[in-house]
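Each chain gets a letter, A, B and so on, in the order the sequences are listed, and its residues count up from 1.
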2 protein chains.
Amino acid sequence: MKIEIQDQYIESFKEFLTRKGLRVTNQRMAIFGAAFSCDNHFTAEDLLEQARKLDDSVSRATVYRALPLLTESSLIREVDVGKDYKYYTANKDVKTFQAQVICMDCEKIFEIDAPFMEWYGKTVAEKLLLSVEDQRLQVSARCDQLKLKGECNRVFAK
Amino acid sequence: MKIEIQDQYIESFKEFLTRKGLRVTNQRMAIFGAAFSCDNHFTAEDLLEQARKLDDSVSRATVYRALPLLTESSLIREVDVGKDYKYYTANKDVKTFQAQVICMDCEKIFEIDAPFMEWYGKTVAEKLLLSVEDQRLQVSARCDQLKLKGECNRVFAK
DNA sequence: GACTCAATTGAGACTCAATAACAATATAGC
DNA sequence: GCTATATTGTTATTGAGTCTCAATTGAGTC
């Protein structure tokens with residue numbers, strides 16, 4: 001599988017590792033590359049599968065060890081959808097705040113721009129004299145609604 | 001341990017069970033009572049511990065079986081904080097939409113009114129021609145910020 | 001109050017995402 | 001290339017949540 005990733009991201013991640021006194025290993029770069037080759041949201045297991053296509057020695061444990069590094073470096077972020085397992089997505093060129101719209105039936109996740117949220121989150125936080133570290137707006141919807149737009153997985157997959 | 005719960009909630013839950021053709025059992029009522037005796041957010045394990053004070057025969061499986069009933073009846077609701085386990089809280093007299101402010105260090109959860117969210121969520125959803133089933137706004141903050149207000153668990157617990 | 005039968009229960013086995021332990025391996029600085 | 005040590009894969013383990021099934025119990029009926 002051929003992967004095209006902007007050099008700036010690769011360098012950014014290498015720099016992050018070096019600055020923290022961590023080593024640049026084949027496995028870490030394979031996992032990083034896999035994360036950026038995924039267009040959609042992915043689970044740790046998805047990431048393992050993709051990373052193994054780049055380096056078949058990558059193990060499950062190493063993926064779980066790399067995930068905190070990738071989130072800490074802001075190259076990916078967690079997307080919590082209320083399931084027992086976690087989703088992640090690459091922070092490519094996202095500028096505006098995005099809300100996650102989750103189909104409760106087929107588990108497909110849409111991210112849509114919600115620029116106003118930025119202001120709103122800060123307003124909410126001011127009530128507690130807090131500075132916001134992170135905020136998420138999650139909207140749950142039903143599959144049969146998404147079907148109207150022909151974008152539900154089930155329309156194609158089943 | 002003495003529990004005081006408004007009769008209306010007890011009746012409401014009994015009615016919910018009966019309407020669904022389910023039985024009113026001691027265990028279910030103990031779990032219900034435990035949920036309403038918790039002032040704060042609680043996990044399934046917390047609920048088991050509390051429920052056993054009211055009826056020591058309550059088992060873990062029964063707690064997990066009762067939780068969907070309690071959420072379905074709108075007497076409690078899930079509060080997702082991005083941990084591996086779930087939190088719940090009783091829906092006592094909450095009228096307005098609330099945002100969850102989570103201390104990333106001590107795991108304490110604050111719920112604060114965010115009435116504007118209701119309108120905002122709908123606006124966001126309209127972009128996808130969806131009707132909103134549920135929405136949550138989560139704000140992450142750091143413990144040392146909460147300490148300013150003297151409300152962080154660690155101030156008291158450690 | 002006793003009878004009946006399906007709903008419910010507790011105990012314990014099980015699942016599965018995530019983590020820990022540890023010996024083997026590979027990296028970065030020399 | 002050499003060395004110290006960070007990192008790795010393998011395997012075992014954890015822990016929240018689910019499932020199974022025999023035993024029990026609630027609620028309608030007499």
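Rounding to the nearest 0.5 Å places OH of A:Tyr64 at 11.5 Å from CD1 of A:Ile31. Residue A:Met29 holds its CE atom at 5.5 Å from CD1 of A:Ile10, rounded to the nearest 0.5 Å. Atoms CG and CG, on B:Leu75 and B:Leu69 in that order, are 10.5 Å from each other to the nearest 0.5 Å.
Rounded to a whole Å, the CZ atom of B:Arg28 is 11 Å from the P atom of C:dG10. Residue B:Lys14 contributes atom NZ, which lies 9 Å from atom P of D:dA27 at whole-angstrom precision. The distance between atom CG of A:Asp46 and atom P of C:dA17, rounded to the nearest whole Å, is 11 Å. Rounded to a whole Å, the CG atom of B:Asp55 is 11 Å from the P atom of D:dT25. Put simply, CZ on A:Arg60 is 9 Å from C1' on C:dA17, counting in whole angstrom units. One interatomic measurement links the two molecules: CD of A:Glu45 to P of C:dT15, which rounds to 16 Å at whole-angstrom precision. Atom pair B:Asp84:CG and C:dA20:P shows a separation of 11 Å (rounding to whole Å applied). Rounded to a whole Å, the CG atom of A:Leu47 is 14 Å from the P atom of C:dA17.
The aromatic ring centroids of B:Phe32 and B:Phe36 lie less than 6.0 Å from each other.
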CA sep, side-chain torsions, deciding dist, call: A:Arg28, A:Leu22, side-chain contact (heavy atoms from CB on, under 4.5 Å): CA-CA 10 Å; A:Arg28 280 176 179 156; A:Leu22 302 173; 3.8 Å; yes

Would you please test B:Thr43 and B:Tyr87 for side-chain contact (heavy atoms from CB on, under 4.5 Å) and show each step? CA-CA 5 Å; B:Thr43 63; B:Tyr87 276 94; 3.8 Å; yes

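For DNA chain D, the residues of residues 63-75 of chain B within the heavy-atom distance limit of 4.0 Å (strictly under) are B:Tyr64, B:Arg65, sorted by number.
Closest non-hydrogen pair, A:Ile76 versus A:Ala35, comes out as CG2-CB, 4.0 Å. The two atoms that bring A:Thr89 and A:His41 nearest to each other are CB-CD2, 3.7 Å, heavy atoms only.
For residues 14-25 of chain A, the salt bridge (Lys or Arg N to Asp or Glu O under 4.0 Å) pairs, not counting sequence neighbours, are A:Glu15-A:Arg19, A:Lys20-A:Glu72.
In this structure, the salt bridge (Lys or Arg N to Asp or Glu O under 4.0 Å) partners of B:Arg60, at least two apart in sequence or on a different chain, are B:Glu45. Every residue meeting the side chain to side chain contact (heavy atoms under 4.5 Å, CB included) condition with B:Asp55, not counting sequence neighbours, appears here in chain and number order: B:Asn26, B:Gln27, B:Ala30, B:Ser57, B:Val58.
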For DNA chain D, produce a single dot-bracket line, 5' to 3'. Pairs: Watson-Crick or G-U wobble, both distances under 3.5 Å. Symbols: ( ) within strand, [ ] crossing, | other strand, . unpaired. ||||||||||||||||||||||||||||||

Per-nucleotide protein contact string for nucleotides 24-30 of chain C, where B marks a base within reach and S marks sugar-phosphate only (heavy atoms under 4.0 Å, - for neither): --BBS--

